[in-house]
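Reckoned from all heavy atoms, side chains included, excluding hydrogens, waters and symmetry mates. One is the number of the first residue; the rest follow in order along the sequence.
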Amino acid sequence: MAKDFGLSIGALAARTGLAVSAIRYYEAQGLVKPWRNAGGQRRFDRADLRRLSFVMVAQQFGFSLPQIKAQLDRLPGGRTPTKEDWKEIAEAFRTDLSAKIDTLVRLRDDLDGCIGCGCLSLASCRLYNPDDRAGQKGPGPRYLIADRPE
């Protein structure tokens, strides 16, 4: 594709359904990298349509922008990502998604018995958490959220 005919930010917004301000925010975060045409106007490559679509989907799966950027940084610049490129990213996300699914299944299965807070507010907490042992590990849920940053 000739650089003279990139997509304007308005065209990119229309094609992705994102607000122009969101595209500018994603640009500031380094998720897309526009260039300037001869008239100094911001232009985007067609590959940015897929990049922004990926951002939108990955956010719906609960991935943070830094996590998404780390994956997008693996893609080659200057060309539309191939099916193989996306397959590699999917593999990287698969492990994270599986861990999230496991956590959600545990939450669903254990929610009726205890919310895992260590607060001793439920009568059964005296059985599962005597002397507030969970509270010694810090505030918040301890049993249902895996790999929680300390």
Side-chain angles (χ1 to χ4, degrees), residues 1-119 121 129 132-150:
M1 177 177 87
K3 287 282 187 184
D4 294 331
F5 300 109
L7 297 169
S8 68
I9 195 167
L12 192 61
R15 296 279 306 270
T16 60
L18 289 167
V20 169
S21 59
I23 295 171
R24 286 189 182 120
Y25 178 74
Y26 292 147
E27 176 188 348
Q29 299 302 307
L31 298 168
V32 290
K33 297 173 180 79
W35 45 275
R36 302 279 177 175
N37 67 9
Q41 297 171 322
R42 175 189 285 126
R43 291 291 186 242
F44 294 84
D45 291 326
R46 291 196 179 280
D48 290 327
L49 288 168
R50 290 184 187 236
R51 287 176 179 268
L52 290 175
S53 295
F54 173 74
V55 170
M56 295 165 65
V57 170
Q59 283 184 305
Q60 288 178 0
F61 283 121
F63 291 101
S64 68
L65 289 182
Q67 289 173 310
I68 295 167
K69 183 180 183 322
Q71 294 305 317
L72 287 175
D73 285 348
R74 298 172 62 181
L75 294 175
R79 74 164 168 81
T80 301
T82 65
K83 187 175 181 176
E84 275 302 309
D85 294 329
W86 290 116
K87 185 178 176 183
E88 288 178 23
I89 287 178
E91 288 295 324
F93 271 8
R94 185 168 278 116
T95 301
D96 287 339
L97 287 173
S98 292
K100 288 178 187 213
I101 290 167
D102 291 344
T103 298
L104 287 172
V105 167
R106 275 195 324 275
L107 177 61
R108 180 202 62 204
D109 294 347
D110 294 341
L111 191 60
D112 61 343
C114 178
I115 60 171
C117 66
C119 68
S121 63
N129 186 25
D132 193 21
R133 286 184 298 206
Q136 295 170 9
K137 295 181 180 179
R142 292 284 157 206
Y143 302 121
L144 299 178
I145 299 177
D147 300 323
R148 180 180 169 179
E150 296 295 329

Donor-acceptor check, side chain of Asp102 to backbone of Ala99, threshold 3.5 angstrom: yes or no?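 Checked: no pair found.
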
Is Asp45 reaching over with its side chain to a backbone N or O of Ala47, donor-acceptor style, under 3.5 angstrom?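 Judged by distance alone, no pair lies under 3.5 Å.
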
Are [X] and [Y] side-chain neighbours, meaning at least one heavy-atom pair lies under 4.5 Å?
X	Y	answer
Ile89	Leu75	yes
Pro34	Arg43	no
Arg74	Glu88	yes
Arg42	Arg24	yes

Taking all atoms of both residues into account, what is the closest heavy-atom pair of [X] and [Y], and its distance?
X	Y	result
Ile23	Val32	O-CG2, 4.4 Å
Leu65	Gln29	CD1-CG, 4.3 Å
Lys100	Gly62	NZ-O, 3.0 Å
Leu7	Ala11	CD2-CB, 4.3 Å
Met56	Leu18	SD-CG, 3.6 Å
Asp96	Gln67	OD2-NE2, 4.5 Å

Just verifying a value: how many Å separate Ile68 CD1 and Arg51 CZ, rounded to the nearest 0.5 Å?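 Result: 13.0 Å between the selected atoms.
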
For the atom pair CZ (Arg15) and CG (Asp48), what is the distance rounded to the nearest 0.5 Å?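 The CZ atom of Arg15 sits 12.0 Å away from the CG atom of Asp48.
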
Does Trp86 form a side-chain contact (heavy atoms from CB on, under 4.5 Å) with Arg50? I'd like the steps, not just the answer. CA-CA 10 Å; Trp86 290 116; Arg50 290 184 187 236; 4.0 Å; yes

Quick test of your reading of the model: are Glu91 and Arg94 salt-bridged, counting only N-O distances below 4.0 Å?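 Counted as a salt bridge, because a side-chain N and a carboxylate O are separated by less than 4.0 Å.
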
Can you confirm if the aromatic rings of Phe63 and Phe54 lie within a centre distance of less than 6.0 Å?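 No, the ring centres sit 6.0 Å or more apart.
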
Flag yes if more than 12 heavy atoms outside Lys87 fall under 6.0 Å of its NZ atom; otherwise flag no.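 Counting neighbours around NZ of Lys87, 12 or fewer heavy atoms of other residues, nucleotides or ligands fall under 6.0 Å, so no.
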
